[in-house]
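As structure tokens, the structure follows; a few thoughts come after it.
Proteins come first, then strands; the chains are lettered A, B, ... in the order of their sequence lines, and each starts at number 1. Computation of the quantities below employed the complete heavy-atom set of this structure, encompassing side-chain atoms and omitting hydrogens, waters and symmetry-equivalent molecules.
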Amino acid sequence: MELATQYNPAEVEDKWYQYWTEHKAFSSKPDGREAYTVVIPPPNVTGVLHMGHVLNETIQDILVRRARMEGKNACWVPGTDHASIATEAKVIKRLKEQGINKSDLTRDQFLKHAWDWTDEHGGIILKQLRKLGCSCDWDRTSFTMDEVRSRAVIKVFCDLYEKGLIYRGLRMVNWDPERQTALSDEEVIYHDEHSKFYYLKYMVAEEPGKYAIVATTRPETIFGDVAVCINPKEEKNQWLKGKHLIVPIVGRVIPVIEDRYVEIGFGTGCLKVTPAHDANDYMLGQTHNLPTYDIFTPDAHVDITCLEPEIQSNCQVYQGMDRFDCRKQIALDLKNAGLLEKEEDYDNKVGYSERTNVPIEPRLSLQWFIRMQHFADIALPPVMNDDIQFYPAKYKSTYRNWLENIKDWCISRQLWWGHRIPAYYDAELLKQVGQESYPEDKIIVAPTLEEAQAKAPGKTLVQDEGALDTWFSSWLWPISLFDGIENPDNEEINYYYPTADLVTGPDIIFFWVARMIMAGYEYKKQMPFKHVYFTGIVRDKLGRKMSKSLGNSPDPLDLIARFGADGVRMGMMLSAPAGNDILFDDSLCEQGRNFNNKIWNSFRLVQGWQVADVAQPEAAKTACEWFDAKLKQVGFDLQEQFKQYRLSEALMLVYKLFWDEFSAWYLELVKPAYGQPIDRVTYDKTISYFDTLLKMLHPFMPFITEALWQNITERKDGESIMFETLPKYEALSDAELKLVSDFEAVKEVIAGIRTIRAQKQMSPKEAVELQVVGQNPLESLSCIITKSANTSAITVVTEKSGICASFLVGTTEYAVPLAGSINVEEELAKLEADLKYYEGFLQSVMKKLSNEKFVNGAPAAVVDNERKKQADAESKIATIRESIAALKA
RNA sequence: GGUCGCUUAGCUCAGUUGGUUCAGAGCGGCUGCCUUACAAGCAGCGGGUCGGCGGUUCGAAUCCGUCAGCGACCACCA
């Protein structure tokens, strides 16, 4: 069969993925083998594959495929996340394009649209993962909102409520005015912002004409001002103690209160207190028993209808204004009224909603929370004492920091797309007292309406309108995927849990990783995973985050089309040490593609050989002995690298093994002359090496390795490299080590000869004599030198010929006699330079050895080694001096 | 403001407990080759005062201090 000189991935990738699928190659069932489980960090159900996924999923696939080939029962469970807020936003946007407002729909109608959208777009990303080669057990594909997962979520909510770990309360929360829902602290992103500091005049009620100056960045909240706070120790504000101030424009008379919270020396020392619109002000309001006026609608427009009638009439013009329009208007009106002392530029941090990118409004709101102290207590120790290991370990401190300062988790969202909170209220009572005053002990929490009804016979019940934070389902993922919440003792959960490795980004260490650990210990009394591999962020080669607006984010499918999935995977892995950001560059995929091509061409060479029953050449025999040792050495190192999750290094090891050792050295040594057959022994060895190399490479590059493995020798239908087992390698024996290191010396000798050839412009076809001065330490490998450097003879001499070029390997001098004359000047200069180097080296060694403290203080082995260095250097210097003398003679 | 981390070749990074000729790898670069598997290739060759300063030690890329620069995360200074 004639094969193209270039590998074409497109031809084989789909074919072999289909082959794997047809033969259920990724499927896992509990059996007697050790389980190796990975749960995918579920991508958003309506998302599409981006470079971050490529990195993350490639790593998982490498680990899973490697584990499978180590004989474990590997199970990689795929699935998607309902991504409550993100998906709801997308659905609302689409409805809007169709001219439908969410507010015009009932909950059920809206959910119908959301499910339609999910069915339409859901799973696209899972199809894309197949293109990448991911070996997920697709029969296990799950969704955070499918039946099993939903029942688990509801059960856990009820359970935690009964344990007193979930409560409902009126709290200051992060409010997203765009989506009109509460968010958790983790969903707020702070950005530096250039804003303005407004200095407002608050007239003193008791002393007309005098005023206090209050600095604020948010003048639009003055409708809700209920006090001005000073630090009791602040000198310059002593005169305000006990006074009352008039809120500008608004006209409300408010007290001056004192609290040490106000920092002395900051701003004017006067802080306006608006309990409904700032978390700290709320705290002050609580301490000082102040009223709260919520002056914003849920979409952050001014609403003064809750204020006193006379104040309402003062502020009528602001009614209904957007918060930022109102800020400008108020500033202008204050200025015109002479109540604005000044404006100053000011840099501060403003919180934005992670999903909608709208500034957060602190808002007093009735929400559901989880008491987190309990969970922090159970989740901290296992990470700190390495029951669960983080790679890299530096994230342990990040983790500890968060858990030691844990705050309660706001889990309710004012959304429809999500798990609806299983809390029920007596409709009649609710009508009478309203949500906020509804008594805690009259709330019924139960998995279903029927069960709730059973607890409150005769009542008309209404369910809580809220849905749960998406992460409230994600945190159960490693358990709920195996139905371990509802059926805590089933065969699957017992077999697959705890999972082995979690691969994810450090950005969700709090959102997800920490909370899975909490849920794991709460519900399984056991860790959810043994190792966490934190990937970096994929950036462009200039170090910028990939983003749509910069246009620096390549489409993974496009890259796969250009370089092949194996090439893209390799490109990604080449620069992806755990935890470091990776600077992605197309040229890395090119390197991957080139490597595939190299493998392809090695295959072409080998499969083109004719085998005959001829004697095995000595060079081939020796090459096999050497490569046996080399393969073992790298195989062992590879195991070590995998143990430490150093996947880039692992890949580089196999890369060099295949390219440098196998292709450049081994194949060249055993390659028969053109048109000649190869002997059977060498051929069989070569096939077995190729087979092993493909297995080592398979986790990184599944497609090409399967394609070639299927063709390197006869295979039966249904066989796959995936089911092959990698040998377990031991460290090299001393003899093997010597062989490998001698071979390295041989390579140097060969390079030395080649360099001379290049310098003297001698043809590689012209055989040369090699003289070894003194004794030949590489005697047993002479055949290698002969074959690779085309030597006519290798002779041991006591003194080298007059006209020759020489070089040193170790302490041995090698010389190649030259036919013509040599440039004495040049040779001398080279030798003098060598001499200078070795004399300097000797000097530094002698300095150590003549230092009594070194000789007495250092371990004997180190001192002996220095002595050896001394001897070596002296012998080299002597050799070089002789050469110089000979040249000068 | 707090915490953690980083600075080694042109680029991206290794360098485990201080000690082999320890200063490395890949890529790029330079030189020569279209040599019958592969120019997406082959052969060969350069290249770094290990961020600065100080200290500990017989010995420091490695440990300590300090300065400079960079980054990440956390945090209620309006």
Side-chain angles (χ1 to χ4, degrees), chain A residues 3 5-7 172 190 197 214-218 229 261-263 265-274 278-283 346 348-349 362 392 394-398 400-402 405 506-507 509-510 537 541 543 563 567 574-575 577 579-583 585 587-588 590-609 644 646 648-649 652-653 655-656 663-664 667-668 671 673-675 750-751 754-759 761 763-765 810 837-838 841 845 847-848 851-859 861-866 868-869 872-873:
Chain A
L3 293 171
T5 60
Q6 292 192 351
Y7 171 61
M172 191 60 77
Y190 288 90
F197 225 176
V214 174
T216 180
T217 53
R218 301 206 60 196
C229 190
Y261 165 75
V262 176
E263 190 182 322
F266 184 86
T268 61
C270 298
L271 170 71
K272 75 188 203 59
V273 182
T274 321
D278 183 280
N280 299 304
D281 291 14
Y282 180 67
M283 178 265 296
Y346 185 69
N348 65 342
K349 298 221 177 205
K394 65 178 175 185
Y395 288 110
K396 278 167 76 174
S397 23
T398 308
R400 188 187 60 219
N401 231 307
W402 189 67
N405 298 286
D507 50 329
I509 185 170
F510 309 135
I537 296 167
K541 62 181 165 189
F563 302 108
L574 274 177
S575 64
N580 282 14
D581 283 0
I582 88 152
L583 305 188
D585 188 347
S587 70
L588 291 168
E590 207 174 307
Q591 195 184 343
R593 179 201 60 184
N594 293 355
F595 183 42
N596 280 338
N597 203 227
K598 186 73 193 177
I599 299 169
W600 175 252
N601 277 294
S602 302
F603 170 73
R604 282 181 62 221
L605 173 68
V606 172
Q607 69 95 47
W609 283 342
Q644 297 171 59
R646 297 165 57 117
S648 312
E649 289 84 352
M652 188 49 69
L653 278 179
Y655 174 76
K656 287 194 278 193
S663 295
L667 288 180
E668 291 300 330
K671 184 158 76 174
Y674 182 67
I750 294 165
R754 285 174 177 167
T755 305
I756 290 168
R757 277 210 153 92
Q759 281 167 354
Q761 293 172 328
S763 160
K765 286 174 182 154
Y837 171 81
Y838 286 110
F841 178 72
V845 173
K847 202 175 145 195
K848 279 191 202 173
N851 183 338
E852 256 179 62
K853 287 181 183 168
F854 171 74
V855 179
N856 296 331
V862 174
V863 178
D864 284 350
N865 192 51
E866 289 302 312
K868 183 171 179 296
K869 282 195 221 168
D872 286 358

In this structure, how many angstroms lie between the [atom2] atom of [N] and the [atom1] atom of [X], rounded?
{"X": "Asn405(A)", "N": "C76(B)", "atom1": "CG", "atom2": "C1'", "value": "13 Å"}
{"X": "Lys868(A)", "N": "G19(B)", "atom1": "NZ", "atom2": "C1'", "value": "15 Å"}
{"X": "Phe266(A)", "N": "A78(B)", "atom1": "CZ", "atom2": "P", "value": "5 Å"}

Identify all pairs in which a protein N or O lies below 3.5 Å from an N or O of nucleotides 5-13 of chain B, and state each distance.
none

For this session: Would you tell me if any nitrogen or oxygen in the side chain of Tyr346(A) comes within less than 4.0 Å of OP1 or OP2 on A78(B)?
Result: yes

For this session: Among the candidates C27(B), C4(B), A25(B), find the nucleotide nearest to the side-chain atoms of Tyr655(A).
Result: C27(B)

Exercise. Given that both pair distances must be under 3.5 Å and the pair must be Watson-Crick or G-U, what runs of three or more consecutive pairs involve RNA chain B?
Worked result: B:1-7 with B:68-74, B:10-13 with B:24-27, B:29-33 with B:41-45, B:51-55 with B:63-67

[N] versus [M] - spacing of their [atom1] atoms, nearest Å:
{"N": "U7(B)", "M": "C67(B)", "atom1": "C1'", "result": "14 Å"}
{"N": "U62(B)", "M": "U16(B)", "atom1": "C1'", "result": "11 Å"}
{"N": "C63(B)", "M": "U56(B)", "atom1": "C1'", "result": "8 Å"}
{"N": "G65(B)", "M": "U3(B)", "atom1": "P", "result": "14 Å"}
{"N": "G19(B)", "M": "G59(B)", "atom1": "C1'", "result": "7 Å"}
{"N": "C34(B)", "M": "U20(B)", "atom1": "P", "result": "44 Å"}
{"N": "A14(B)", "M": "A9(B)", "atom1": "C1'", "result": "13 Å"}
{"N": "A60(B)", "M": "U17(B)", "atom1": "C1'", "result": "14 Å"}

Problem set entry | Steps toward salt bridge (Lys or Arg N to Asp or Glu O under 4.0 Å) verdict (Lys868(A), Asp864(A)) | CA-CA 6 Å; Lys868(A) 183 171 179 296; Asp864(A) 284 350; over 6 Å; no

With heavy atoms under 4.0 Å as the rule, sort [X] into base, sugar-phosphate or nothing.
{"X": "Arg646(A)", "value": "sugar-phosphate"}
{"X": "Lys848(A)", "value": "nothing"}
{"X": "Val262(A)", "value": "base"}
{"X": "Ala279(A)", "value": "nothing"}

Problem set entry | NZ/Lys541(A): more than 12 non-hydrogen atoms of other groups inside 6.0 Å | no

For this session: Could you tell me which residues satisfy salt bridge (Lys or Arg N to Asp or Glu O under 4.0 Å) with Lys853(A), sequence neighbours excluded, listed by chain and number?
Result: none

For this session: List the protein contact pattern of nucleotides 35-47 of chain B with one symbol per nucleotide (5' to 3'): B for base contact, S for sugar-phosphate-only contact, - for none; contact means a heavy-atom distance under 4.0 Å.
Result: -BBB-BSSSSS--

For this session: If a protein heavy atom is under 4.0 Å from the base, mark B; if only from the sugar-phosphate, S; if neither, -; do that for nucleotides 28-33 of chain B going 5' to 3'.
Result: ------

For this session: Please list, chain by chain and in numerical order, all residues satisfying side chain to side chain contact (heavy atoms under 4.5 Å, CB included) with Tyr282(A), sequence neighbours excluded.
Result: Met172(A), Gln286(A), Leu364(A)

Problem set entry | Residues Asn596(A) and Arg593(A): side-chain donor-acceptor under 3.5 angstrom | no

Exercise. Counting distance only, does the side-chain N/O of Asn601(A) pair as donor-acceptor with the main-chain N or O of Thr5(A) below 3.5 Å?
Worked result: yes

